[in-house]
Structure formats: C-alpha cells, structure tokens
Amino acid sequence: MTDQALLLPQEEKQFSLAKDAFIRLVANRLAIVGMVLVVFLFFVAIFGPYLTPYDFLSQDLMSRNQAPSWLHWFGTDDLGRDIMSRVIYGSRTAVIVGFSTVSFSLVIGIFLGALGGYFGGKIDAFIVWLIDITMSIPSLLLVIVINVSLKPPLVNWMDAQYVATGNQIYRNTIWVDFVLVFGSLALIKWPKAARIIRGQILSIRNKNYVVAAEALGVPTSRIVRRYVIPNAIGPIIVYISAALGEAMVLESSFSFLGVGVRPPIPSWGNMISDGLRIWQMYPHVLAAPAAVLAIVTIAFSFLGDGLNDALNPRQWK
Amino acid sequence: MTKLLEVNNLHTRFKVRNGYLHAVNGVSFSLDKGEMLGVVGESGCGKSVSMMSLIRLLPPAAQITEGEVFIDGEDITNASVSRVNAIRGSKVGMIFQDPMTSLNPFMKIGDQIIEGIVYHKKIARADALSQAAKYLKMVGISNAEHRLGEYPHQLSGGMRQRVMIAMALLNEPSLVIADEPTTALDVTIQAQIVELVKGLREKLNMSIIWITHDLSLLAGMVDRIMVMYGGYIVEEAVIDDIYKSPLHPYTIGLLKSIPSLKTEAGSRLPSIPGAPPNLFTPPTGCPFSPRCTYKVDRCQSEVPALAAVPGAGGDRPHRVACWVDMRGRGVEQ
C-alpha cells in the first residue's frame, strides 16, 4: 500500500472547518429551533406584503377589536386593522433597524478595534478611551435627547421643502424615525463590537501558535488568514447574532415609549403600547406582538448559543 | 568540523515604560554541524531571548542593538524580513515549551505540520501530507495517517509535543532550537521526548540547541553546556568539564543544588542565596557578584570577560567569565 492510499482513510470522512461547525450546529436542537425561527423572521420581513391579503394601514371600522378568526388570524385592533399584517410589517421595521444598527456598529467596531489591537500604544489608549466614554452614555436618554432636539427641526425642514418644491420625497417623514432610531443606536452600540475585536486581536497576536507559525516562516498574510481570523471569528459571529436580537428589542422598547418608530407605521413596540390601553377587554391586541417579540428574542439567543458551541472546536466532543 | 552557527557579541534589549530591559548583553558562541549544545540558566536569564534572537523571532518591543549572527555563513541580523522568513523553518526549526498552546486549535494536525514545507519547498499538499505522516511515525505517533485529520485538542500533551517536533523537523533543518521542550510534560513523557530527540539527532545529523533550567536533564544528552546568568554567558565547556570541574561560582552553585541519592532525608538542599539580577538596572560589575560567596573587590566594578581558561578543556576551550581563579575550589564530584 502506498502512502497516498494510507492518507485517505475511508472509514472517517474529513470536513472543512465551516462544514464541521455546521454539523455541530445542526446537532444542537435548540440552535436549530432558533435558526429556523430567525430564518422564518427574515423570510416574513422580506416577503411580508405578499403573505397577507390586508394592507397594514387599511381600517375597517365595522370590524373593530375582533378576536382571532379565519378571516383575521390574529384578530383586528381598535381601528379594525388586521393585526397579523401589522405584526408582519413590524418585523420589517425590526429587521431594518436591527440590520442597519448591527452592520453600522460592526463597521466602526472592526475598524477601531482592529486599529487599537494591532497598533497598540497611544492609538489603542485613545480608542479605549473613546469606547469607555461611549459606553457610559445611556442609550434611552440619548434617543430621547435626539428625538427632542434633532427631530423637530428636521421634520419642519422637510415640510418646508415639500411646501416650497412639491417634491414627494419630502412628503413622507416616516424615514426620519428610522434614521434617527438606528443612527442613535449604532452610535452607542459599536463599542461592544470594537471591544470584542480588539480583545481577540490582542490575545491571538501573542498566542504561542502564532509564534510557532512565525518560527516556521509562514508569511504574515497567511498567519492572519489561517490563524488570527479563524480564532477571532467565533465571538464575532456570536456577537452579530446577539446584537441583532438586542437591537430589535431596543427598537421595540423605544417605539413602546414613543421615541422610536411612530404610528401609523407598525412596530412591535408601538403595537404593544397601543394594546396596553385595551388589553383587559381585548387581550389578543396585546398578546400577538408581545408573543412575537418574545419568540424572536429567544430565537436569537438560542441561535447565538448554538453558534458559540459550534464554532469553538475545544467544546467539540 | 565546520561551523554552522556563529554568534558575535549579541545584545538584545526590551523597550519598557521608562527605559530598557537588557536581556542579552554581549553573547558570543559558535556551534558545529551535528553538535548538541545545552543552554542552562534560571528564569529570566536571557537564555530564550538570546536563542530567539538568532532567527529574530522577537516581540515588537525587543530589538537587537549590537552584534551579528551567522547561520551557514549567512548574516542574519542584517538580512531582509523575507530572507529571515525563508531561513526560519527551512534551516532553523523551533520546538516550543508549551505544546498545549503551540498548535492552532482551528487547524488539523496535518495541515499545521505541512505549513512550513508547503511554503518553503512549494510541494503539493498530498505529497507534503505523506511526508508528514512519515515524520509523525518517526516521532513515535501510531496511526499517523489518521492523526493528520485530527484537531489538536484530540491529542495528549506528550503527543502534541511529538507533533511539534515533527513540525520542526519536516523541513530537515540543520539547526533545531528546543526551548524547554519538556518543561510542561510529566517526568516519564519527559524522558521519552529526550530519548526521541537523541535518536533523531543521530539519524538526521542536525545541530540542536536545547534550552532548559534543568542541569541534570542535559547529562548524557548534549556535547557542550553553556551557562547563562543575567544576560551573559558565564561559563561554557564540554559536558564533562562542566560536571567535573566547573569554574564559575554560579555553575558550582547550580550543581550543588541538584539533589543526589546521597542527600540525607530531611536535610536542607543547598541553594544560592539572593535573587536573580534586575535586568532593568543591571549591577555594575559581574552580574552574579551580589550573590557570590567568592567575590573580590574587582567583581563589583568590572564585568569579567568570557575567556578560555589556560590548561583546561582539552580540544574545546573551557570558557569562563570570572575574576577569581576557581580551579580546585569547585565541587568534588
């Protein structure tokens, strides 16, 4: 038998890292539950308008506060709007805010974290200082301040532009809500990403296996690709999963308090807030968005835990 | 014999908060082809840093300020980064202290072993893997083909150290630097690894520098021993000379503190009083003088040069850095 033949043992197949990780992930039941729910959420958010016969704004005052039925699966609210359509549209709101917040904070976080971790010294000290300052800002207060100070002038300006130019772009001020909410969230959420990336790079750069690879004469670009990134990617993926869930919950809390996305644009948060007024008589108005929010939050943490285990080879059995 | 390695007056220092830490202060030695040199000293005496300086494998804070290193006649201290990269792994292999953390947890054993050879020799992955399997068998890993597909956490400490050795040897380097390769292993595994390296050395005819703080481990293994203290070489001689007629008070102290079978139960082991020197503000004069029981006035003002002792050592010079003539005053062994 040649060495070649010996090298490919038939009894046990070998997989790449990503495939290995995927196999571990699939073996974890809770993670799969989380993953299915998260995928379903994205699917609903993207294809929402095609999934329901009702418009989320159309009112039917003849059928107000109806209990769930075959016609309205989640019932109707106090203006006779279909709750399921509104929940589905609320998932769009949540996903848009979640994605933009997380991608924005990842970009800032990776840039600043890598800068600090790699160069160290004064640059690092400055970035750590920036992180500490930003982390000390209470997110709710910042959003309220922005709502009170920045939003009215912006809306007034847009109204004035509409009156002056008649351009439809200025007509719709809903996007101001989105931009302000995710913008302020991103501004205070990046330090966590920066911290994770900085810490990863700092610790991996000094790991013995990196020194051992250097001693073999492996070039730096390859060390970064094969040694630093694979060892750093796990916590980052877990961060993304957790941060998406967190951003969605925050969007809902802000909307609940009236400083986020405002009616008539549905958000789970403002739907819960609406439902609170009448839940004693019509519990389904509150139950539907609240249950969906709870399920989504749990789904993201299941998925995050599963990813954490799957991407860490030291926990493999 | 031809010289494989030549080091002249090497100085390495670390930049620290407000000043410099002088880790290596003028180290000069040479190594023949196929020779095995033991480097002994306590923690922080500069033994690892001086050997790492040979291939410029130093943290960013460290810098070589003076001296030159020649490997196979090639100047390393002034070579380009890519040239040093080419020498690492191909001419010089490294075995590290802690096998538990020296393997990338995200790479399979096989992929990791062949990193160096694929890069240096530009051979196909499959060929490299069959080569790796051969070396794994050579270092005593059974079922080597199967092991290539496993991750580091699936291997025991002793096996990982064998993998590290195979990794260092795969490029058939002419010099292997082993930085305390057995410190993290238990005694039985330690003995196995020592025997393994001895056997491989004869088989592959390479030079080895074995760094350790365990003087007794080197007996019966190395040709020559170099004793380091405070960033200086204090004594260097063939192994018999070191054990039978040590000429530096520090070496004498080290040898005295090895427990022997004759040591009475319950009696205190001899030790060297004091603490290792602070390399941040090194003492003027001989670095060992604050702890030395033989010291004379000159020891505190002038650093003794490492010089061959006339009449000692035979064909290899017995070099020692001491103002006091210790001949006849050492241990009686």
Side-chain angles (χ1 to χ4, degrees), chain A residues 1-21 24 117-121 124 200 202-234 310-317, chain B residues 52 55-57 59-61 81-82 84-108 110-113 115-120 126-127 129-134 143-146 148-154 164 167-168 170-171 177 179:
Chain A
M1 197 153 58
T2 64
D3 284 29
Q4 286 296 310
L6 278 171
L7 270 174
L8 304 162
Q10 298 303 309
E11 73 272 19
E12 195 177 330
K13 275 195 159 180
Q14 294 174 8
F15 301 111
S16 71
L17 173 69
K19 205 164 179 190
D20 265 340
R24 314 279 157 181
Y118 193 81
F119 289 107
D124 188 37
Q200 287 290 312
L202 271 185
S203 77
I204 292 164
R205 238 179 42 152
N206 295 322
K207 281 277 187 335
N208 283 335
Y209 50 78
V210 171
V211 179
E214 282 174 351
L216 276 180
V218 181
T220 312
S221 59
R222 193 175 163 79
I223 289 181
V224 170
R225 236 174 31 245
R226 296 295 303 268
Y227 292 77
V228 178
I229 291 177
N231 279 289
I233 203 87
L311 287 167
N312 187 348
R314 273 151 294 196
Q315 300 196 352
W316 294 356
K317 280 141 225 150
Chain B
M52 295 294 185
I55 51 170
R56 306 211 325 232
L57 192 63
V81 174
S82 59
V84 171
N85 258 344
I87 288 166
R88 292 175 185 173
S90 67
K91 275 189 183 170
V92 183
M94 290 262 347
I95 304 171
F96 289 93
Q97 176 171 358
D98 189 359
M100 304 310 276
T101 58
S102 295
L103 290 168
N104 182 355
F106 277 89
M107 266 169 109
K108 285 173 184 155
D111 287 329
Q112 202 151 174
I113 293 180
E115 277 281 89
I117 193 170
V118 166
Y119 175 63
H120 289 294
D127 296 339
L129 278 175
S130 69
Q131 188 89 348
K134 211 156 64 192
N143 206 357
E145 290 82 10
H146 181 77
L148 288 174
E150 292 195 334
Y151 285 96
H153 71 276
Q154 291 166 295
M164 294 297 295
M167 202 159 130
L170 194 59
N171 266 313
I177 302 172
D179 188 0

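Protein chains get the first letters and strands the later ones, always in sequence-line order, with residue 1 at the start of each. Since the structure is predicted, the reported quantities are computational estimates derived from the model, not experimental observations.
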Compare every heavy atom of Arg88(B) with every heavy atom of Glu214(A), then report the nearest pair and how far apart it is.
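That closest heavy-atom pairing would be O-CD, 3.0 Å.
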Say whether Tyr227(A) and Glu115(B), considering side chains only, have a donor N or O and an acceptor N or O under 3.5 Å apart.
yes
Part of [X] lying under 4.5 Å from any heavy atom of chain A:
X: Met52(B); result: neither
X: Val92(B); result: backbone
X: Leu103(B); result: backbone

Side chain, backbone, both or neither: which part of Val211(A) has a non-hydrogen atom closer than 4.5 Å to chain B?
both
Part of Arg222(A) within contact of chain B (heavy atom distance under 4.5 Å)
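Interface part for Arg222(A): side chain.
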Looking at His120(B) and Leu216(A), would you say the former's side chain and the latter's main chain have a donor-acceptor pair under 3.5 Å?
yes
Main-chain N/O of Phe106(B) paired to Asn231(A) side chain as donor or acceptor, under 3.5 Å:
no
Contact leader toward chain B among Ala212(A), Ala213(A), Pro219(A), Gly217(A), where contacts are heavy-atom pairs under 4.5 Å:
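Highest number of pairs under 4.5 Å: Gly217(A).
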Side chains of Pro105(B) and Tyr209(A) in contact at under 4.5 Å (non-hydrogen atoms):
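The answer is yes, as the side chains (C-beta and beyond) meet within the 4.5 Å cut-off.
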Name the member of Asn104(B), Val118(B), Val81(B), Thr101(B) that forms the most heavy-atom pairs with chain A at distances under 4.5 Å.
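Looking at each option in turn, the highest pair count goes to Asn104(B).
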